[in-house]
Amino acid sequence: MKLAPSILSADFANLATEIEKVSNAEYIHIDIMDGHFVNNLTFGANVVQALRPYTKQVFDCHLMVTNPEDMLNALKEAGADIVGVHYEVCPHLHRTLAKIKELGMKSEVVINPATPVSVIEPVLTMVDQVLVMTVDPGLGGQGFLQEMLEKVSQLAEYKQENGLDFDIEVDGGINDQTIRLAKRAGATVAVAGSYIFKARNPAERLKILQESLNQGKVR
């Protein structure tokens with residue numbers, strides 16, 4: 001299982017240093033919010049570009065914006081590797097996902113807690129990753145919605161039955177306990193924000209997650 005520390009919970013004044021603390025993680029999760037789809041306003045392509053020279057980690061960019069198509073070219077130029085767009089804001093979802101792929105980035109479709117898996121089945125053959133929100137989007141530090149594990153299981157079953165190879169990512173309320181539940185359900189990528197960056201030692205928290213997964217122990 002790949003780990004994706006979310007800089008939404010990091011020290012915004014020292015993001016390069018914060019990323020260095022979790023250099024052993026495969027991904028860096030970057031939440032881009034526009035203040036419309038969700039209330040918060042966070043990063044843009046300029047922050048992605050500013051951070052790109054500091055690490056070779058995969059930049060997993062989650063767009064919580066009302067017009068994601070408008071940002072795709074800038075994100076490509078900035079150095080994004082994966083771009084996730086919400087089903088809830090894409091009236092032409094196939095076209096948006098295809099554009100991400102055309103630009104040479106990996107495509108991801110994202111669903112909110114109230115959105116069923118069935119509505120994204122038509123695009124599952126064209127995505128590299130599916131993000132199941134395990135909290136409502138837009139705010140860090142929320143509790144894990146355990147009922148979302150059924151969606152993860154549904155996706156894992158659909159993937160196997162249809163011979164597909166997309167990653168299944170979970171985002172929200174991930175800690176050393178819930179990450180095990182998500183993995184057991186079939187998740188292959190886990191986003192962790194507050195659990196890592198709100199701790200006194202983020203590197204140690206990342207290590208706890210890795211050990212819990214690799215050794216099958218919950219600490």
Original post:
Roughly how far, to the nearest 0.5 Å, is CD1 of Ile100 from CG of Leu63?
Top reply: 7.0 Å
Original post:
In Å and rounded to the nearest 0.5 Å, what is the CG to CD distance from Asp165 to Gln129?
Top reply: 11.5 Å
Original post:
For His36 and Asp34, which heavy atoms make the closest approach, and how far apart are they?
Top reply: N-OD1, 2.8 Å
**OP:** Step by step, work out the side chain to side chain contact (heavy atoms under 4.5 Å, CB included) result for Val110 and Asp171.
**Re:** CA-CA 10 Å; Val110 188; Asp171 180 3; over 6 Å; no
Original post:
Should the heavy atoms of other residues, nucleotides or ligands under 6.0 Å from CZ of Phe12 be counted, would the total exceed 12?
Top reply: yes
Original post:
Considering all heavy atoms of both residues, which atom of Leu3 and which atom of Glu26 are nearest to each other, and what is their separation?
Top reply: N-OE1, 3.0 Å
Subject >> Distance-only donor-acceptor check, side chains His62 and Asp60, under 3.5 Å >> reply: no
**OP:** Please lay out, stage by stage, how Leu124 and Asn162 fare under the test side chain to side chain contact (heavy atoms under 4.5 Å, CB included).
**Re:** CA-CA 10 Å; Leu124 291 180; Asn162 292 274; over 6 Å; no
**OP:** Check whether Val109 and Val132 end up in the same hydrophobic cluster, where Ile, Leu, Val, Met, Phe, Trp and Tyr are linked by side-chain heavy atoms less than 4.5 Å apart.
**Re:** yes
Subject >> Any side-chain heavy-atom pair of Gln49 and Arg52 under 4.5 Å >> reply: no
**OP:** Using a cut-off of 6.0 Å, state whether more than 12 heavy atoms not belonging to Tyr87 lie near its atom OH.
**Re:** no
Original post:
Going by heavy atoms in the side chains, are His29 and Val189 under 4.5 Å from each other?
Top reply: no
Original post:
Given Leu8 and Met33, is the side chain to side chain contact (heavy atoms under 4.5 Å, CB included) satisfied, shown in steps?
Top reply: CA-CA 10 Å; Leu8 179 64; Met33 307 179 188; 3.6 Å; yes
**OP:** Flag the pair Pro137 / Pro113 as yes when at least one side-chain heavy-atom distance between them is below 4.5 Å, and no otherwise.
**Re:** yes
Original post:
If only atom types and distance count, is the side chain of Thr66 paired as donor or acceptor with the main-chain N or O of Phe37 below 3.5 Å?
Top reply: no
Subject >> Flag, side chain of Asn67 to backbone of Glu69, donor-acceptor distance under 3.5 Å >> reply: no
Subject >> Common cluster, Leu131/Val65, ILVMFWY with side-chain heavy-atom separation under 4.5 Å >> reply: no
Subject >> Cluster link Ile208 to Leu181, ILVMFWY, side chain under 4.5 Å >> reply: yes
Original post:
Given the rule in the side chain to side chain contact (heavy atoms under 4.5 Å, CB included) test, do Arg180 and Ser212 qualify, once you have shown the distances and angles that lead to the verdict?
Top reply: CA-CA 8 Å; Arg180 295 285 309 284; Ser212 177; 3.3 Å; yes
Original post:
Which pair of non-hydrogen atoms, one from Leu206 and one from Pro5, has the smallest distance, and what is that distance?
Top reply: CD1-CG, 4.4 Å
Original post:
Counting only N and O atoms by type, is there a donor-acceptor contact under 3.5 Å from the side chain of Lys183 to the main-chain atoms of Ala190?
Top reply: no
Original post:
Once you round to the nearest 0.5 Å, how far does CD1 of Ile196 lie from CD1 of Ile7?
Top reply: 12.5 Å
Subject >> Flag side-chain contact, heavy atom, 4.5 Å: Glu169 against Ile82 >> reply: no
**OP:** Identify the heavy atoms of Tyr27 and Gln57 that sit nearest to each other, and give their distance.
**Re:** O-NE2, 4.1 Å
Original post:
Is the count of non-hydrogen atoms from other residues, nucleotides or ligands lying under 6.0 Å from Lys106 atom NZ greater than 12?
Top reply: no
Original post:
Measuring from Glu108:CD to His86:NE2, what's the distance to the nearest 0.5 Å?
Top reply: 8.5 Å
Original post:
Closest heavy-atom contact between Val117 and Gln154?
Top reply: CB-OE1, 3.5 Å
**OP:** For the pair Thr178 (side chain) and Phe144 (backbone), establish whether a donor and an acceptor sit closer than 3.5 Å, ignoring hydrogens and angles.
**Re:** no
Original post:
Any link between Val170 and Tyr195 through a network of hydrophobic side chains (Ile, Leu, Val, Met, Phe, Trp, Tyr) touching at under 4.5 Å?
Top reply: yes
Original post:
Do Phe59 and Ile32 belong together in a cluster built from hydrophobic side chains that touch within less than 4.5 Å?
Top reply: yes
Subject >> Atom pair CE/NZ of Met105 and Lys76 - distance to nearest 0.5 Å >> reply: 6.5 Å
Original post:
With the threshold set at 4.0 Å, does a side-chain nitrogen-carboxylate oxygen contact exist between Asp81 and Lys56?
Top reply: no
Original post:
Any chance CD of Gln160 has more than 12 other-residue heavy atoms, nucleotides or ligands included, within less than 6.0 Å?
Top reply: no
Original post:
Counting only heavy atoms not in Glu20, do more than 12 fall under 6.0 Å of its CD?
Top reply: no
**OP:** Could you grab the distance from atom CZ of Arg205 to atom CZ of Phe197, nearest 0.5 Å is fine?
**Re:** 12.5 Å
Original post:
How far apart are the closest heavy atoms of Cys61 and Val48, and which atoms are they?
Top reply: SG-CG2, 4.1 Å
